[in-house]
Amino acid sequence: MLSFKLLRETKSVLINLLECQLRNTLSRAISTTPSHFKYRYLPTLNDPERDVEYSEPGYSHEDDGPLIQIPTRKQFREQVENIKNEFKVWKQEVKDGLESNYDIIVPRDQIHKIYSFSEEGTLEKWSTLCDANDGTGFSSCSLTRSPSGHALFSGNLSTKLPLDGRTVRSGFCSAIGPRAMKSFKRKTSYEWSQYTHVVLKVRGDGRQYLVNLSTEGIYDLNWFNLYSYPLYTRGGPYWQITKLPFSKFIFGNRGYIQDTQVPIPLCDIAWIGISLTDDIDGPFNLEIEYIGLEDVSSHTEEHAYETYNFDNYFYK
Amino acid sequence: MAWRFIRQLQLHACRPLLMSGGSGRFISTTPIVRITESQVKKDVAIKDKYFDQDIKNKETFLELLEVFKSKNYKTGHIEFIYAALNRMEDYGVEEDLECYKQIIDVMPKGKMMSTNMWLVEFEYFPKHQDCILDVISKMETKRIQPDREMFDLLVSIFGKGASPTKKYLRMMYWLPKLKHVSPWPAPQTRTKDQKEAAVLAVKRMGSVDLESDVTVFYTKDDNLSTEDTWIVSSQSPVQKNLVKYHPENLPMYIDGPHRMHLGRKNVVDYYVLKADMPENRRRRKFRDPDEISYMKIPFFDPPTSDDIIPEFSVHEQRDGIIYAISSMGSSSKECLQSWIRFLQKNGNPKLADATIVFRCGFQEAPSDQLKLPACENEILDENERRQ
């Protein structure tokens, strides 16, 4: 059984290795196209080949800034380095898998910090996204280190519409946590089904933020499934600890609340994020100390919203 | 030119389209392409004249709608409704539920009713439904909760199963559910004056300590001040005690102005009187009293003098001790000085000898005017070029 598991793991690693790493390396080594994709944030959004619709009405990607040209030899060396590091991660994974299944029991009523921003290396894994990134608005945001040593999600929200003839509403800023990944850039998901609450220690400016949990599946139909719940901030110089129960998270797709609400599949979380979409123009500041999970023993609710159906109400 | 023609087609079709553009492949990803601002201005140029009135208030607006209804036109309802929607801000009625109901009432009754499931599924009178959907969507963005009368109106126009009625039902499920979720309820309209907002904001900030005492001082009462404004200040007995034990060799700071939102319409700037943590209260690593992941076993690690520290009050935050919070009518140095004098009179005699450093901008631009990053200006230029 164990050997079978190991074999399967090795096979998937090798396939990924061949598919992603070597293909990228070779294609970059051979092709003549500029290799700036790796050095841009979220390459799929700014990819001129993919997003034809934004480049159509006079938008040129040349204005985005100078492209970084990297010598082929350097690229190749970097890729080899990457593969080495991935092997190290994989080795650790195999070791952990053989030792024990340590995630089964979690202590109750204790906050398990998953992202503690005062620690080194946590903030760098997070990224930001706003509507100006894909040309549908004029907001700007950043996630930096605050003077007191925590994460500071700040920027300027703008509901101004770009005159591109199709955008109707705009104004969103978001900070996105790292996607669950295994070695060799393989996608996995976080396993949080032992917990009941997500806990945040924040210091805000009185605005209403959103905590988002993505359950990004395999099919493109599910890519934009988000479970969200508002995070209200008190404002002022004092910190607040907010516990949001998973049972109350609202299911939406592309920002639209869905009619059929389902409990969040906690074994399949891809990433957690915080966003601001409250339609108020102006600057915002949210200081985050940590994001954690907790199993609250007094919480028994499974799902807060009605799940029954009408029998053909609309057609009668 | 060809692109513009395709775009026009797309706008008029109001349906998702699959078409190939200049670059080989182009797939419209938006589910429904709505009529844009520029397009509406072109279409409703005739109806827009209705709203060029001298007196712009709610009565005039409702009267204009009444005039249009009394004419019993057979067409032109959509254009008139879009014109009315765009002009609501001019008349100051964009947050008035009655006006939205009267706008929906412009649509003819009975004629567009979906009476069976086929009409529901294939969207009977789709452009009219989209138009009313835009009206309800605008209500949603303005956070206006519809009422039962609106439901009757929608049912009499489109029927029970049509998409505007469905949208109404969704709103009536979610809006009341999430209306009172916030633990800090705030006024959703603009307050009468800035002082009222400041009092609410300072109360909300001081709500961490139940003993917090919010008082309003008037600079008229201060002999040394030449200004005539108000100061809303919050300080609890615990904070007064902390000021009492403030070490004399360390300075205090006034930080600000910081910004705080109170509901959707009010913004309050506030100042904080604070100080750094004194050395004897500071730990090498600040730890939560409830945090048990760093717990020591006393047999192996006997407690040192650093470990025994009285429990922290809520005002002793990690980045300093907060002595008082205030919000004031003017952000001048003189006003801040009179705030300190008022605090001194009200139970903080120690402030007379303390060194207070002002870490705030007085004559700078208001905090809501952030300097925009360069990339935004580039996009703006891009838009101007497109026009």
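Residue V181(B) touches chain A through both its backbone and its side chain, counting heavy-atom pairs closer than 4.5 Å. Using a 4.5 Å cut-off between heavy atoms, I325(B) contacts chain A through its side chain alone, with no backbone atom that close. Interface residue I250(A): only side-chain heavy atoms are found under 4.5 Å from chain B. Heavy atoms of R170(B) lying under 4.5 Å from chain A belong exclusively to its side chain. Of the two parts of T233(A), only the backbone, made up of N, CA, C and O, holds a non-hydrogen atom closer than 4.5 Å to a non-hydrogen atom of chain B. Proximity to chain A (any heavy atom under 4.5 Å) is shown, for L178(B), by both the backbone and the side chain. Contacts between H150(A) and chain B at a heavy-atom distance below 4.5 Å involve the side chain alone, from C-beta outward. Neither the backbone nor the side chain of Y256(A) comes within contact range of chain B; no heavy atom of the residue lies under 4.5 Å from a heavy atom of that chain. Using a 4.5 Å cut-off between heavy atoms, T141(B) touches chain A through backbone and side chain atoms alike. For W174(B), the part sitting under 4.5 Å from any heavy atom of chain A is the side chain, from C-beta outward, and nothing else.
With a 6.0 Å radius and a threshold of 12 heavy atoms from other residues, nucleotides or ligands, K138(B) has its NZ atom above the threshold. Around the CZ atom of R169(A), the shell of radius 6.0 Å holds no more than 12 heavy atoms that belong to other residues, nucleotides or ligands. Annotation: K203(B), atom NZ; neighbour count of heavy atoms from other residues, nucleotides and ligands within 6.0 Å does not exceed 12.
Residues that satisfy the salt bridge (charged side-chain N to carboxylate O under 4.0 Å, His left out) test with E140(B), not counting sequence neighbours, are K167(B). Taking R190(B) as the reference, nothing meets the salt bridge (charged side-chain N to carboxylate O under 4.0 Å, His left out) condition, with sequence neighbours excluded.
One finds a salt bridge joining D279(A) and R143(B) here, because a Lys/Arg side-chain nitrogen approaches an Asp/Glu carboxylate oxygen to under 4.0 Å.
Taking every heavy atom of both residues into account, H261(B) and P283(A) meet most closely at NE2-O, 4.0 Å. Y270(B) approaches P237(A) most closely through the heavy-atom pair OH-N, 3.9 Å. For W184(B) against Y232(A), the heavy-atom pair with the smallest separation is CZ3-O, 3.4 Å. A pairwise comparison of heavy atoms in Y238(A) and I322(B) identifies OH-CG2, 3.6 Å as the closest pair.
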Checking side-chain contact (heavy atoms from CB on, under 4.5 Å) for the pair V208(B)/W239(A): CA distance, chi angles, key distance, verdict? CA-CA 9 Å; V208(B) 285; W239(A) 288 92; over 6 Å; no
Step by step, would you call S207(B) with R234(A) a side-chain contact (heavy atoms from CB on, under 4.5 Å)? CA-CA 9 Å; S207(B) 66; R234(A) 188 201 293 114; 3.9 Å; yes
Evaluation steps, side-chain contact (heavy atoms from CB on, under 4.5 Å), between D205(A) and M260(B): CA-CA 5 Å; D205(A) 55 355; M260(B) 183 188 155; 5.6 Å; no
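Each of K274(B), K265(B), R204(B) has some count of heavy-atom pairs under 4.5 Å with chain A, and the biggest count is that of R204(B). Your options are Q110(A), Q240(A), E306(A), and the one with the most heavy-atom pairs under 4.5 Å with chain B is E306(A).
With hydrogens and angles disregarded, no donor-acceptor distance shorter than 3.5 Å links the side chain of R259(B) to the backbone of N285(A).
Atom CD of Q317(B) and atom CZ of R203(A) lie 6.5 Å apart (nearest 0.5 Å).
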